[in-house]
Each structure stands twice: as C-alpha cells, then as structure tokens.
Amino acid sequence: MELINIENYEETRFSTAIALGNFDGVHIGHQQLIKKLINISKLRGLKSSVLLFKNHTRTLVDSVGPLLLSTFEQKSRFIENLGIDIVYNMPFNDDIRKLSPDEFFVEILINRLNVKTIVVGIDYRFGYKASGDTNTLLKLGEKYGVEVIIFNPIYFEGNIVSSSRIRQSILNGDMNKANQMLGRDYSIIGKVVKGKELGSKLGFPTANIVPEINYVIPKYGVYSTETIVDNKIYLSATSVGYNPTFAENSIKIESHIIDFNKNIYNRNIELLFIEYLRDEIKFDSVDLLKEQVFADIDSIKAKRKNVYNS
C-alpha cells in the first residue's frame with residue numbers, strides 16, 4: 001500500500017476509484033464499503049484508494065475535537081489490511097473547510113486524484129459547512145462524468161453500525177458489542193509514564209498509559225485486556241478510573257502486563273480491551289485490594305487460556 005500526502009501532489013500515473021468518509025475506527029460497515037470499492041476498482045481497471053484527513057474535521061471548531069476510536073496511523077493500518085492500493089491523506093485546514101461541494105469535487109477529487117469512481121456511505125457529507133450530501137455527489141458525478149456509488153449501511157442487532165454507536169458501547173463498558181461492530185478488539189495507543197508505583201509495592205506492577213489522542217475511554221472499571229509491546233501480545237489486567245482505594249484525583253489507565261518485567265517507561269504500547277470484568281471498588285484495606293487484583297488476574301488467565309486453546 002502507498003501512503004501519499006496530497007498537499008502538493010497530483011495523481012498523473014493512473015485513474016483511481018476512491019472511498020470517502022471519516023472512517024473513525026474502520027468498523028465493519030467501513031470495511032464492507034472499502035471491500036466493495038476494491039472489487040469495483042478491479043472491474044474498472046482502476047487503482048483503489050481512500051482519502052483520509054490527518055485530523056478530524058471537527059478540530060477546526062473545537063480544539064480538543066471529538067472522542068475518537070482510532071489514530072490516523074491506526075486507520076491507515078486497518079485499511080491497509082483490507083488490501084487497498086493507496087491511502088491519500090492531507091490535513092483538514094481552513095482552506096479545505098471553505099471549499100464548496102463543487103470546488104472540493106473538482107479541485108481535490110478530479111484535479112488532484114484523477115478520480116473516476118467514488119464510493120460513499122448514505123450519510124456522507126462534504127463541502128463548506130457539510131452542505132453537500134449524497135444527492136449533491138450524484139449530481140456532481142453526472143455533471144463531470146464520475147461514477148458515484150452509494151453504499152447501503154451494515155446492520156448489527158437491528159441497528160445501523162456507526163462510529164457513534166460504537167463509542168456509546170465503549171462508554172457503557174459493553175466491549176463485546178463494540179468489538180463485534182469494530183470487527184476486532186478496541187485498542188488505544190499511549191505512552192507509558194511513571195506513576196506512584198503503588199502496584200509495584202503491592203506485587204502487581206502496572207504500566208500507566210497516557211493516550212496518544214482524545215480516545216473514547218471505556219467505562220471506569222477493570223478489564224481483561226491484551227497489551228502489545230514490540231509487536232508481541234501479552235495478557236493484561238487493566239484498571240480505568242480514579243483508583244478509589246487510594247483516592248486519586250485524576251483518571252488513570254493502568255495495565256498490569258501478566259508475566260512481563262521489562263522497563264517500558266516513555267515507550268508507546270497498544271492496549272486492547274477484551275472484556276469488562278467489574279466496577280471500580282473502594283476497598284476497606286490494601287490487603288482486600290490485593291486479594292481482588294490477584295483474583296482478577298487468575299480469572300483473566302483462565303478465560304484467555306480457554307480462548308487460545310479452543
């Protein structure tokens with residue numbers, strides 16, 4: 001797969017078919033849309049591509065931006081795994097924001113990317129103040145001789161799969177539902193920073209993780225997780241919340257990586273959320289906390305062993 005920044009680029013090598021959208025999380029609906037695009041590209045003799053903005057379109061009006069399911073790098077990786085030829089990318093800045101639907105269609109899609117076929121979901125919006133919709137896109141396609149295909153949504157449990165539904169499931173701690181809609185385990189990438197090292201003193205050292213972006217943070221509680229370090233996957237138990245036993249005053253994501261003892265401070269790791277185990281609990285004593293944590297670890301080992309051996 002090629003990854004091409006198109007700020008000062010024009011595609012003159014070949015004609016393309018392109019998928020458009022935010023693709024946050026690259027969930028099962030996005031995956032089916034992109035697979036359809038790839039099949040159409042082969043039939044039309046075109047290069048399959050996706051256009052991604054490096055920042056979310058809402059960051060220009062909100063400096064923090066929305067809660068996200070994936071970084072740009074994660075999106076690119078998930079899309080690459082589907083077999084796409086090219087991911088075109090560019091920052092979403094004020095100049096792009098101010099383009100009318102017609103200007104975006106001509107200046108970006110036709111002039112820069114040599115697009116002949118476009119595939120989008122039914123809720124796709126584009127152009128200044130999201131003034132263009134799929135009907136606008138169809139009319140522009142007819143005007144400029146570009147094929148436009150509107151992809152029908154994918155359903156899960158009777159409702160349309162969407163990034164917003166997945167975000168809400170994660171906020172509710174329903175990782176099973178979120179992961180089924182994502183088609184993989186939800187993960188966050190973050191840097192390991194020094195904390196108070198309370199876990200080490202109690203016999204279960206934890207990696208304190210600062211998320212790389214404004215991720216959706218799962219419901220406070222304890223999770224069965226997997227942690228990826230140097231491309232190797234380890235079982236882990238992760239606490240999300242305020243650590244009420246020690247009256248912490250800020251939200252923490254702390255992962256005890258099982259059977260792991262390397263120093264990974266100041267390094268990025270990826271944390272995959274498998275299952276919600278229990279709520280946060282304020283224990284009456286440190287001994288009760290230790291007892292529960294080790295019970296959590298034993299439970300995770302037993303459950304995941306069954307998964308790996310099945």
Side-chain angles (χ1 to χ4, degrees), residues 4-11 15-27 29-38 40-41 44 46-63 65-70 72 75-76 79 84 86-154 160-167:
I4 301 174
N5 186 303
I6 66 167
E7 288 178 88
N8 298 297
Y9 179 84
E10 288 184 9
E11 185 55 83
S15 299
T16 63
I18 198 162
L20 302 174
N22 267 319
F23 298 112
D24 188 25
V26 193
H27 58 59
H30 297 145
Q31 292 167 33
Q32 290 303 314
L33 185 153
I34 291 169
K35 287 177 182 177
K36 182 177 182 68
L37 170 89
I38 292 170
I40 290 169
S41 300
R44 308 283 192 272
L46 305 170
K47 286 290 184 178
S48 62
S49 66
V50 173
L51 175 61
L52 295 181
F53 292 116
K54 286 198 168 182
N55 52 307
H56 197 281
T57 54
R58 280 171 49 191
T59 55
L60 290 188
V61 294
D62 179 354
S63 59
L67 297 176
L68 297 174
L69 299 169
S70 53
F72 171 79
K75 282 187 195 180
S76 300
I79 290 170
I84 206 82
I86 309 166
V87 169
Y88 296 111
N89 64 89
M90 64 191 305
F92 186 77
N93 55 33
D94 213 43
D95 290 337
I96 299 298
R97 182 182 70 87
K98 290 177 180 178
L99 292 176
S100 68
D102 198 302
E103 289 170 333
F104 178 80
F105 195 97
V106 173
E107 293 182 23
I108 304 299
L109 300 181
I110 294 179
N111 293 348
R112 289 201 205 181
L113 301 181
N114 200 16
V115 170
K116 303 301 179 186
T117 297
I118 298 169
V119 180
V120 296
I122 58 171
D123 58 351
Y124 179 68
R125 309 286 303 202
F126 68 111
Y128 185 57
K129 293 186 176 179
S131 55
D133 58 14
T134 51
N135 287 327
T136 312
L137 197 62
L138 287 165
K139 290 175 183 176
L140 288 169
E142 186 175 351
K143 179 179 178 180
Y144 293 104
V146 175
E147 179 184 30
V148 175
I149 297 170
I150 312 302
F151 184 77
N152 290 324
I154 299 298
I160 293 174
V161 173
S162 67
S163 298
S164 59
R165 277 192 70 204
I166 294 168
R167 291 186 192 104

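Positions are given from 1 along the sequence. The figures that follow rest on heavy atoms only: side chains count, while hydrogens, waters and symmetry mates do not.
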_Just so I know, are the side chains of Ile108 and Leu51 near enough to count as touching, which here means a heavy-atom distance under 4.5 Å?_
yes

*Nearest heavy atoms of Arg125 and Asp133, plus distance in Å*: NH1-CB, 3.6 Å

*Can you tell me if Ser163 uses its side chain to pair, donor with acceptor, with the backbone of Asp24 under 3.5 Å?*
yes

*How about Glu103: does its CD atom have over 12 heavy atoms from other parts shown lying under 6.0 Å from it?*
yes

*Check Ala19 against Leu33 and note the closest heavy-atom contact, atom names and distance.*
CB-CD2, 3.7 Å

*asked:* Show the nearest heavy-atom pair for residues Val26 and His30, with the distance to one decimal.
replied: CA-ND1, 3.3 Å

_Side chain to side chain, Ser131 and Pro101, heavy atoms closer than 4.5 Å_ = yes

*Show your reasoning for whether side chain to side chain contact (heavy atoms under 4.5 Å, CB included) applies to Tyr124 and Leu137.*
CA-CA 9 Å; Tyr124 179 68; Leu137 197 62; 4.2 Å; yes

*asked:* Nearest 0.5 Å, please: how far is CG in Asn5 from CG in Asn89?
replied: 5.0 Å

*Separation between CG of Asn93 and NZ of Lys54, rounded to the nearest 0.5 Å*: 12.5 Å

*Identify the heavy atoms of Leu37 and Ser48 that sit nearest to each other, and give their distance.*
CD2-CB, 4.2 Å

*Passes side chain to side chain contact (heavy atoms under 4.5 Å, CB included), Val115 versus Ile110? Steps please.*
CA-CA 5 Å; Val115 170; Ile110 294 179; 5.7 Å; no

*Using the six-membered ring wherever Trp is involved, compare the ring planes of Phe104 and Phe53 and label them parallel, tilted or perpendicular (cut-offs 30° and 60°).*
tilted

*asked:* On a heavy-atom basis, which atom in Phe92 and which in Asn55 lie closest, and how many Å separate them?
replied: N-OD1, 2.7 Å

*asked:* With rounding to the nearest 0.5 angstrom, report the CD1 to OG1 distance, Ile40 to Thr117.
replied: 7.0 Å

*Evaluate side chain to side chain contact (heavy atoms under 4.5 Å, CB included) for Leu138 paired with Glu142, printing each intermediate quantity in order.*
CA-CA 6 Å; Leu138 287 165; Glu142 186 175 351; over 6 Å; no

_For Val146 and Leu140: C-alpha separation, side-chain torsions, deciding distance, then whether side chain to side chain contact (heavy atoms under 4.5 Å, CB included) applies._
CA-CA 8 Å; Val146 175; Leu140 288 169; over 6 Å; no

*Sub-3.5 Å donor-acceptor pair from the side chain of Lys75 to the main-chain atoms of Asn22, do we have one?*
yes

*Closest approach of Ile79 to Val87 (non-hydrogen atoms, all atoms of both residues)*: CG2-CG2, 3.9 Å

*Indicate yes or no: at least one non-hydrogen side-chain atom of Tyr88 is less than 4.5 angstrom from one of Glu11.*
yes

*Spacing of CG belonging to Leu109 relative to CZ belonging to Arg112, to within rounding of 0.5 Å*: 10.5 Å

*Roughly how far, to the nearest 0.5 Å, is the OG atom of Ser162 from the CD1 atom of Ile154?*
12.5 Å

*Flag the pair Asn111 / Glu10 as yes when at least one side-chain heavy-atom distance between them is below 4.5 Å, and no otherwise.*
no

*Quick one: CD1 on Ile18 to CD1 on Ile34, what's the gap to the nearest 0.5 Å?*
11.0 Å

_Heavy-atom donor-acceptor pair, Arg44 side chain to Ala17 backbone, under 3.5 Å_ = no

*asked:* Within the structure provided, determine whether Thr136 and Phe105 are in side-chain contact (heavy-atom separation under 4.5 Å).
replied: no

